[in-house]
Amino acid sequence: MKTKQFHITPEHLDAKALQSAGTILKEGGLVAFPTETVYGLGANALCEKAVESIFAAKGRPSDNPLIVHISDFSMLESLVRDVSPMAQSLLKAFMPGPFTAILKKQPQVSGVVTAGLDTVAVRFPAHPVARALIQAAGVPVAAPSANLSGKPSPTNARHVLEDMNGRIDAVIDGGDCAVGVESTVVDLTGAVPVILRPGGVTYEQIQEKVPDVVIDEHVLRSVAVEEIPKSPGMKYKHYAPEAQVIVVEGPLEEGRREIQKQLKACTGRQTGVLTMQETAVFDADCVLFAGANMKAYASRLFTSLRAFDEKGVEIVFAQFLEEPGYGLAVRNRLYKAAANHVIHVGRQD
Ligand code: TXA
Ligand code: MG
């Protein structure tokens, strides 16, 4: 299959291109598109065959459910039921935006989308191209991140093509994604909201609206294979580049010294460092700056992991000192990329 390429940006919402891409989606094809978080791989959520082809294109296990994307609150009614006043208030506060709500599903939502669960994940993206595409398709759009299963999520169209060229009908190049990590997945079916995956809307932002919001215990620790987590995606090793990743967490100067020490023991391997200190010098083959704050780190993390792979790096040390806000999402993705291989420095205990 030849993958068609469209160029549609927020500054130039090319109506003809949107119509073509929307028609491909509506008629059962796969179209990758930009959102404010990462690129999504969309299919008509009402067409089981189209949704099944997402799993095939990504090599994604069929027990990992998809997020349904909408372009209008009116699309919600046919997808979800039993929305509590607490849930309503969060939908109102964070949609459109990098926020995914888990709600009870309507019977007509296919079990192929939800992996047989009685809940469905719904997201109303803020990105103008994503919204215009869903509108043009005229149907809700099921979309996971547009990477091969297990690879870091794509934050530009080039990354999408690296993984998906020839496997999908089309990709829309809409430029770089601003947030760089995926949406915050929040279970809204209970009395209190539960964060199942930290992301573009922070814990602090949600807490401001609902003070007793909780973070699922699986978010910050590894998941044993025999456990059944609430969000099936949590059990997979995600976001991992080809290179081995080791997180070095703690005060930056101590982190830098530890990384230098580790690098000395890596003779014969192509080494990489992802650093929070822009001017620090490391004896590594490839040094990338992650940014000095958590928001910058989030926006560069997946891009950097892919860049290390492109340069043939075999082992990456990622320097990390957590701050509030985006820090939780960055830590979660880093730990996953590292399969929980973390060296703590500067601990008093
Ligand atoms: O930012 C994002 O969320 C991107 C863009 C494209 O919207 N999408 C994304 O999709 O990251 P994906 O499929 O890579 O991740 C969806 C996550 C998975 O961890 C999945 O297990 C969880 O959401 N999920 C989906 N439906 C669920 C449900 N009914 N209950 C619990 N977790 C669910
Ligand atoms: Mg994904």
Side-chain angles (χ1 to χ4, degrees), residues 31-43 45 51 54-55 57-71 79-80 94-106 109-127 129-131 133-134 140-155 159-160 163-164 172 174 177-190 193-201 216 218-219 223 228-240 298 302 329 332-333 336-337:
V31 179
F33 61 96
T35 82
E36 67 274 32
T37 55
V38 300
Y39 273 69
L41 177 57
V51 175
I54 289 182
F55 290 91
K58 275 183 66 91
R60 180 178 174 112
S62 60
D63 67 348
N64 194 3
L66 304 174
I67 298 173
V68 177
H69 296 66
I70 59 173
S71 57
L79 298 171
V80 302
F94 299 117
M95 287 185 178
F99 182 85
T100 294
I102 306 292
L103 292 159
K104 288 269 183 233
K105 79 173 189 75
Q106 290 285 15
V109 177
S110 164
V112 178
V113 173
T114 65
L117 298 174
D118 68 343
T119 55
V120 62
V122 185
R123 166 151 137 74
F124 182 169
H127 197 292
V129 175
R131 292 171 67 165
L133 174 71
I134 300 164
V141 173
S145 48
N147 50 287
L148 283 175
S149 199
K151 291 269 168 227
S153 297
T155 54
H159 293 166
V160 173
D163 284 13
M164 292 295 166
I172 297 176
C177 300
V179 176
V181 292
E182 302 87 342
S183 63
T184 305
V185 177
V186 188
D187 183 350
L188 299 179
T189 60
V194 182
I195 297 177
L196 302 181
R197 178 179 75 181
V201 169
D216 191 273
H218 288 102
V219 167
V223 179
I228 302 172
K230 280 206 198 100
S231 186
M234 292 194 295
K235 73 168 180 264
Y236 298 107
K237 184 184 167 194
H238 251 158
Y239 327 113
F302 290 145
N332 174 260
R333 305 308 190 274
K336 285 198 170 204

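Just so you know, ligand 1 is whichever comes first in the structure, and atom 1 is the first atom listed for that ligand.
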Task: Arg60 to ligand 1, any heavy atom closer than 4.0 Å - done: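 Under 4.0 Å: yes for Arg60.
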
Open item on the list: If we only consider heavy atoms of Thr114, is any one of them less than 4.0 Å away from an atom in ligand 1?
Closed with: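 Contact check Thr114 vs ligand 1: negative.
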
So [Y] and [X], do their side chains get closer than 4.5 Å, heavy atoms only?
X: Ser183; Y: Ile67; value: yes
X: Pro34; Y: Tyr39; value: yes
X: Val185; Y: Ile102; value: yes
X: His127; Y: Phe33; value: no

Which atoms of ligand 1 sit under 4.0 Å from any heavy atom of [X]?
X: Thr119; answer: 28 (C), 29 (N), 30 (N)
X: Ser145; answer: 8 (N), 9 (C), 10 (O), 12 (P), 14 (O)
X: His69; answer: 5 (C), 6 (C), 7 (O)
X: Ile67; answer: 3 (O), 8 (N), 9 (C), 10 (O), 16 (C)
X: Ile102; answer: 27 (C), 28 (C), 30 (N), 31 (C), 32 (N), 33 (C)
X: Leu117; answer: 28 (C), 29 (N), 30 (N)

- [ ] State whether the shortest distance between N or O atoms of Asn64 and N or O atoms of ligand 1 falls below 3.5 angstrom.
- [x]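 Yes; the residue has a nitrogen or oxygen that sits under 3.5 Å from a nitrogen or oxygen of the ligand.
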
Task: Nitrogen or oxygen of Tyr39 less than 3.5 angstrom from that of ligand 1 - done: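 No, there is no polar N/O contact under 3.5 Å.
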
Open item on the list: Using only atom types and a distance under 3.5 Å, with no angle test, would you say the side chain of Asp187 pairs donor to acceptor with the backbone of Val194?
Closed with: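 Flag not set: sc Asp187 to bb Val194 has no pair under 3.5 Å.
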
Task: Side-chain (Ser145) to main-chain (Asn147) donor-acceptor, under 3.5 angstrom - done: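 Checked: no pair found.
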
For [atom], which of [options] has the closest heavy atom?
atom: atom 24 (N) of ligand 1; options: Pro65, Ala101, Ser183, Pro61; value: Pro65
atom: atom 23 (O) of ligand 1; options: Asp118, Val185, Asp216; value: Val185
atom: atom 6 (C) of ligand 1; options: Gly40, Pro34, Ala142; value: Gly40

Task: Rounded distance [0.5 Å steps], CG in Asp118 versus NZ in Lys105 - done: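 Going from the CG atom of Asp118 to the NZ atom of Lys105 covers 8.0 Å.
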
TODO: Examine all N, O or S atoms of Asn147, backbone included, and report whether one is under 2.8 Å from the Mg ion (ligand 2).
DONE: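 No - counting backbone and side chain alike, Asn147 has no N, O or S atom under 2.8 Å.
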
- [ ] Let me see the working for Thr100 and Arg197 under side chain to side chain donor-acceptor pair (under 3.5 Å), right down to the final yes or no.
- [x] CA-CA 9 Å; Thr100 294; Arg197 178 179 75 181; 5.0 Å; no

- [ ] Go through the side-chain N and O atoms of Arg333 and Ser153 and say whether any donor and acceptor fall under 3.5 Å apart.
- [x]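 Looking only at side-chain atoms, Ser153 and Arg333 do not form any donor-acceptor pair under 3.5 Å.
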
